[in-house]
K.L.:
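Have a look at this one before I ask anything.
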Number of protein chains: 2
Amino acid sequence: MGLFSKTCEYAMRAVFYIASHSADGSRPGIKEIAENINSPEHFLAKILQKLSKGGIISSIKGPNGGFYIEPNGLKRPLADIITCLEGDEIFTGCGMGLSYCSESNPCPLHNEFKKVRNQLTHMLYKTSIGEFNSELLTGALTLNK
Amino acid sequence: MGLFSKTCEYAMRAVFYIASHSADGSRPGIKEIAENINSPEHFLAKILQKLSKGGIISSIKGPNGGFYIEPNGLKRPLADIITCLEGDEIFTGCGMGLSYCSESNPCPLHNEFKKVRNQLTHMLYKTSIGEFNSELLTGALTLNK
DNA sequence: CGAATAAAAGACAAAAATATCTTTTATTCA
DNA sequence: TGAATAAAAGATATTTTTGTCTTTTATTCG
Ligand code: FES
Ligand code: FES
């Protein structure tokens, strides 16, 4: 059990990969992306379709087609990926699974859990999709294995 | 997608419930626990069996039987519940799903994710199972809905 | 002992997440 | 125009998680 679902893990890796290759106007295809982030190709395709519909990434069909991200898109927060794929439960939900997280009728973990959740939220909102482009291109940061 | 699995959510709620009723030596049964934490009875039974084998909780069969926690057990950290049920991946795993989290070959989120993960870990280790007993008994804290 | 109780254990079912394969649609380019 | 390319879409399969039901085992107590 990781903190994020496989869907979100693959999505974040793929988006970082696409972002780092969008700087120079190139458009990696599904196969290339899947290989470089070590994910199942067709499963990733579904995820990218959803991200594309959600406006996080863009795509072009046919020869020389592939996925890319608009310059403005590179500024969007990582959180948008999670929200697009699975909603905002992870940002707002009760840590112990109560149907809603409440100040007035809290679960035992509420006060401390809130801090963890806020830090996670903060991390995902302050990190932008294009933030690691140069480190990814130089290989200082990794997306597979 | 919550931060924890249903299994862990139910487990934490149940253990808090059992803990708060172990102070006075009473032993709630599966049915009572499931009703009070709002969980599926037989699914919870499986979870409690595992926690029992793991030594987190104790049980007695037959009339007047049920679940309880030893006085010493009340001091154990909440983290033990997670570890017993699903191992320690949530405490050590890579946020983006790489096969292991590494300082020397990190994923883009590593530095920030590490902080979130550490805070979560810290919360689960510093919180003890019996910590909320009185607030739970007075109803200041809630475990259902 | 024998009936009643309650957890343990096992079998099964449903739902969700993950993964794979095939067909269709849009685009390029010779 | 027609062949090739690549994403979109649809269908199906597998695995994991979650949930339910039944049988067994241990214990109590009359
Ligand atoms: S009520 Fe549980 S985290 Fe807020
Ligand atoms: S390498 Fe990804 S969190 Fe450490």
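Proteins come first, then strands; the chains are lettered A, B, ... in the order of their sequence lines, and each starts at number 1. Computed from a predicted model, the values in this text were never measured in an experiment. Hydrogens, waters and symmetry mates are skipped; everything else that's a heavy atom, side chains included, is used.
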K.L.:
Does B:Arg76 reach the main-chain N or O of B:Ile129 with its side chain, forming a donor-acceptor pair under 3.5 Å?
P.N.:
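Side chain of B:Arg76 to backbone of B:Ile129, a donor-acceptor pair under 3.5 Å: no, none is there.
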K.L.:
D:dC29, D:dT20, D:dT18: which one has an atom nearest the side-chain heavy atoms of B:Pro40?
P.N.:
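The answer is D:dT20.
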K.L.:
Would you check if the side chain of B:Thr127 reaches a backbone N or O of B:Leu124 as a donor-acceptor pair within less than 3.5 Å?
P.N.:
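Not confirmed, B:Thr127 side chain does not pair with B:Leu124 backbone.
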K.L.:
Measure the distance from CZ on B:Arg13 to P on D:dT18 and round it to the nearest whole Å.
P.N.:
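One finds 12 Å between P of D:dT18 and CZ of B:Arg13, rounded.
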K.L.:
Rounded to the Å, how far apart are A:Glu41 CD and D:dA6 C1'?
P.N.:
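Rounding to the nearest Å, CD of A:Glu41 and C1' of D:dA6 are 11 Å apart.
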K.L.:
Please determine whether a side-chain nitrogen or oxygen atom of A:Thr7 lies at a distance below 4.0 Å from atom OP1 or OP2 of C:dA17.
P.N.:
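No, no such contact exists.
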K.L.:
Backbone N or O of B:Met96 within a donor-acceptor pair of the A:Arg13 side chain at under 3.5 Å?
P.N.:
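Answer holds: yes.
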K.L.:
Identify which nucleotide among D:dT28, D:dA7, C:dC29 has an atom closest to any side-chain atom of A:Ile30, counting heavy atoms from C-beta outward.
P.N.:
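Taking heavy atoms from C-beta onward, the closest nucleotide is D:dA7.
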K.L.:
Can you check whether A:Tyr10 has a side-chain N or O nearer than 4.0 Å to OP1 or OP2 of C:dT18?
P.N.:
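The answer is no; no side-chain N or O of A:Tyr10 sits under 4.0 Å from OP1 or OP2.
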K.L.:
Rounding to a whole Å, what distance do you find between B:Lys31:NZ and C:dT5:C1'?
P.N.:
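Distance, rounded to whole Å: 12 Å.
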K.L.:
Would you confirm whether B:Arg27, through its side chain, and B:Asn64, through its main-chain N or O, come within 3.5 Å as a donor-acceptor pair?
P.N.:
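Yes, B:Arg27 side chain to B:Asn64 backbone: donor-acceptor pair under 3.5 Å.
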K.L.:
Under 4.0 Å between a side-chain N or O of B:Lys46 and OP1 or OP2 of D:dC21?
P.N.:
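Result: no.
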K.L.:
Rounded to whole Å, please give me the gap between CD1 in A:Ile60 and C1' in D:dA7.
P.N.:
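Answer to the nearest Å: 11 Å.
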K.L.:
Grab the CD1-P distance between B:Ile37 and D:dT18 for me, whole Å please.
P.N.:
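Computing the B:Ile37:CD1 to D:dT18:P distance gives 14 Å.
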K.L.:
Answer yes or no: does a side-chain N or O of B:Ser59 lie under 4.0 Å from OP1 or OP2 of C:dA6?
P.N.:
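Result: no.
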K.L.:
Tell whether A:Lys61 reaches the base of C:dT25 with its side chain through a donor-acceptor pair below 3.5 angstrom.
P.N.:
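Indeed, a donor on one side and an acceptor on the other fall under 3.5 Å apart.
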K.L.:
Pick the closest DNA chain C nucleotide for B:Pro63 and for B:Ala45 by heavy atoms, then say which residue is nearer the 5' end.
P.N.:
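That would be B:Pro63.
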K.L.:
Determine the contact category for B:Lys53: base if any of its heavy atoms lies under 4.0 Å from a base atom, sugar-phosphate if only primed atoms, P, OP1 or OP2 are that close, otherwise nothing.
P.N.:
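Here B:Lys53 touches the backbone only, sparing every base.
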K.L.:
Among the nucleotides D:dG10, C:dT28, C:dA9, which one has an atom lying closest to any side-chain atom of B:Gln49?
P.N.:
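Among the listed nucleotides, the one closest to the side chain of B:Gln49 is C:dA9.
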K.L.:
How many whole angstroms separate atom OH of B:Tyr68 from atom P of C:dA7?
P.N.:
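It is 13 Å, rounded to the nearest whole Å.
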K.L.:
Can you check the B:His42 NE2 to C:dA13 P distance for me, whole Å?
P.N.:
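Distance, rounded to whole Å: 16 Å.
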K.L.:
Taking the basic N atoms (NZ, or NE/NH1/NH2) and the acidic carboxylate oxygens, is any pair closer than 4.0 Å for A:Glu103 and A:Lys114?
P.N.:
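The answer is yes: the pair qualifies as a salt bridge.
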K.L.:
Could you work out which one of C:dT5, C:dT18, D:dT18 sits closest to the side chain of A:Phe43?
P.N.:
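In terms of side-chain proximity for A:Phe43, the closest of C:dT5, C:dT18, D:dT18 is C:dT18.
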K.L.:
In whole Å, I'd like the distance from the CG atom of A:Leu85 to the P atom of C:dA17.
P.N.:
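Interatomic distance, CG of A:Leu85 to P of C:dA17: 12 Å.
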K.L.:
C:dA8, OP1 or OP2 - any side-chain N/O from B:Ser52 closer than 4.0 Å?
P.N.:
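Yes.
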